[in-house]
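Notes to accompany the following structure.
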Amino acid sequence: MKIDILTLFPNMLDGFLNESIIKRAKENNLVQINLIDFRKYSLNKQNKVDDTPYGGGSGMVLMCQPIFDAVDALKDDDTTVILLTPDGKTYNEEVAKSLSLKKHLIIICGHYEGFDERIRSIVDMEISIGDFVLTGGELAAGIITDSIVRLIPGVISEESLDSESFSNNLLDYPTYTKPEEFRGLKVPAVLLSGNHKLIKEYREKEALLKTKNKRPDLLEKKD
Ligand code: ADE
């Protein structure tokens, strides 16, 4: 998979994308991630990418030209173009799974006061990471990239993916590690029993109980 992130602030994401699991996925050629400063596509003498809004109002608005030209230059027949915006479809694990199957993503990060409405005409999806407003799309692009890359086969183990929160619309079961008792808090005895059948039953029950208590809305979607 290839992910091209169009941003005016590539340094905001550079460190994040070069650590831990994403770094390893890149080294193992499971994903290629390019941070592209779309200012370089500006045809303006001063490399301008934004201007004042028609009709008046505060702030600067990202112009069509640099973004249209960047997308034209990077796009092929297998590309999904994503625009990050607080008025997009709310992101979740289901969207992450569908995006992890794509060959090539272009993710456009907005910044400043907003973007020219006509930019929406060249995108396939508009995504929001939640009902709040960020100063720009960079952190949203990082979050989306992280959640997609970990789902690419070979990046993390299938077993971890099967049992984690939101798989089959359940939250994850509780986990514990050594020691068996810490400040009077004990690990449930069944996990020390070595009985795999009982452990499986315990985990299924706990996942269901946790989901019922914390996210009953997920159970309505469960098959
Ligand atoms: N840009 C600004 N706020 C955003 C949000 N909530 N999601 C995605 N992109 C954004």
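Computation of the quantities below employed the complete heavy-atom set of this structure, encompassing side-chain atoms and omitting hydrogens, waters and symmetry-equivalent molecules. All ligand and atom numbering here is 1-based and tracks the order in the structure. If you're wondering where the values come from, they're calculated on a predicted model, not measured in any experiment.
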For Ile107, which of Val123, Thr145, Ile127, Leu99 qualifies under side chain to side chain contact (heavy atoms under 4.5 Å, CB included)? Thr145
Hey, what polar pairs (N/O, under 3.5 Å) does ligand 1 make with protein?
from, atom 1, to, atom 2, distance (Å)
ligand 1, 3 (N), Leu134, N, 3.0
ligand 1, 6 (N), Gly130, O, 3.2
ligand 1, 6 (N), Phe132, O, 2.8
ligand 1, 7 (N), Ile129, N, 3.0
ligand 1, 9 (N), Thr85, N, 3.4

Is there a side-chain contact between Asp72 and Tyr41 (heavy atoms, below 4.5 Å)? no
With the side chain counted from C-beta on, respond yes when Lys75 and Ile106 share a heavy-atom pair under 4.5 Å apart, and no when they do not. yes
Expected output: side-chain Asp37 to main-chain Arg39 donor-acceptor under 3.5 Å: yes
Ion pair present between Lys200 and Glu204, side-chain N to carboxylate O less than 4.0 angstrom? yes
Assess whether a salt bridge exists between Glu206 and Lys210, defined as any Lys/Arg side-chain N lying under 4.0 Å from an Asp/Glu carboxylate O. no
